[in-house]
Amino acid sequence: MTGALVAGLLAGYGIAMPVGPVGTYLVALTARSSWRVGACAALGIASADGSYALVAAVAGSALAPVLEPIVVPLRWASVVVLLALAVSTAIRAVRRYRAQRLTGITQELPVNPLTAYAGLLGMTLLSPMTVIYFAALVLGGGSGDGGPVERAVFVIAAFVASASWQLLLAGGGALLGRALTGHLGRLLTALGSSVVIAVLAVRLVA
């Protein structure tokens, strides 16, 4: 169960930590509205991550017998994908930092808790990086081994990790927002995420 808990926390923080357009929008939304709206938006992001973690846990178990003959090459392929995500995240962060660019979402959502939750949920569900990330976990078997209890622990841990980070962004308000969505903050959070994703990749073959 401890292994499933650690795997879930790593999965949740690995996908949540980079402060990209969605994270930047979350901070801006909270700063110009209220903590209640920001918290709902944060939980929308965490719900999307938790949903993908659930798919990873269930599909990983269901596909295991089918994929057993090729599980070793698939596991290594998943390691390569996760490491590539880690490297690409770091490279993009360094390039963005050097170019002194800030990316943001220009789309405006109506500011009320329900639409904030639904809007950020939809944005995160459609994020290509989120889809690729959890697909790699499914194929690599890094979505929590064992029975239903272990898989449930994995999913809950991934949701809690994502929610804690997103709520930190929302709760920090304007001051924390400037720190984490500024040039240096975005660089450091992206590099931190790259390390977490790399550790998760190594765990697949350790």
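All residue numbers in this chain count up from 1 along the given sequence.
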Verify the cluster assignment for L168 and V37: are they in a single hydrophobic cluster under the rule of side-chain heavy atoms below 4.5 Å apart?
yes
Taking all non-hydrogen atoms of both residues into account, name the closest pair between [X] and [Y] and its distance.
| X | Y | answer |
| --- | --- | --- |
| A161 | Y13 | O-CE2, 3.3 Å |
| A163 | L43 | CB-CD2, 4.3 Å |
| S162 | A46 | OG-CA, 3.4 Å |
| L26 | A41 | CD1-CB, 3.6 Å |
| A48 | L121 | N-CD1, 3.5 Å |

Side chains of S47 and Y117: is there a donor and an acceptor less than 3.5 Å apart?
yes
If we count only N and O atoms by modelled type, under 3.5 Å, do the side chains of Y52 and T124 hold a donor and an acceptor together?
no
Distance (rounded to the nearest 0.5 Å) between I156 CD1 and L9 CG
11.5 Å
Separation between CZ (R36) and CG (N112), nearest 0.5 Å, reads 9.0 Å
Student check: side-chain heavy atoms of W165 and D49 closer than 4.5 Å:
no
Do S51 and F159 have side chains that get closer than 4.5 Å, going by heavy atoms?
no
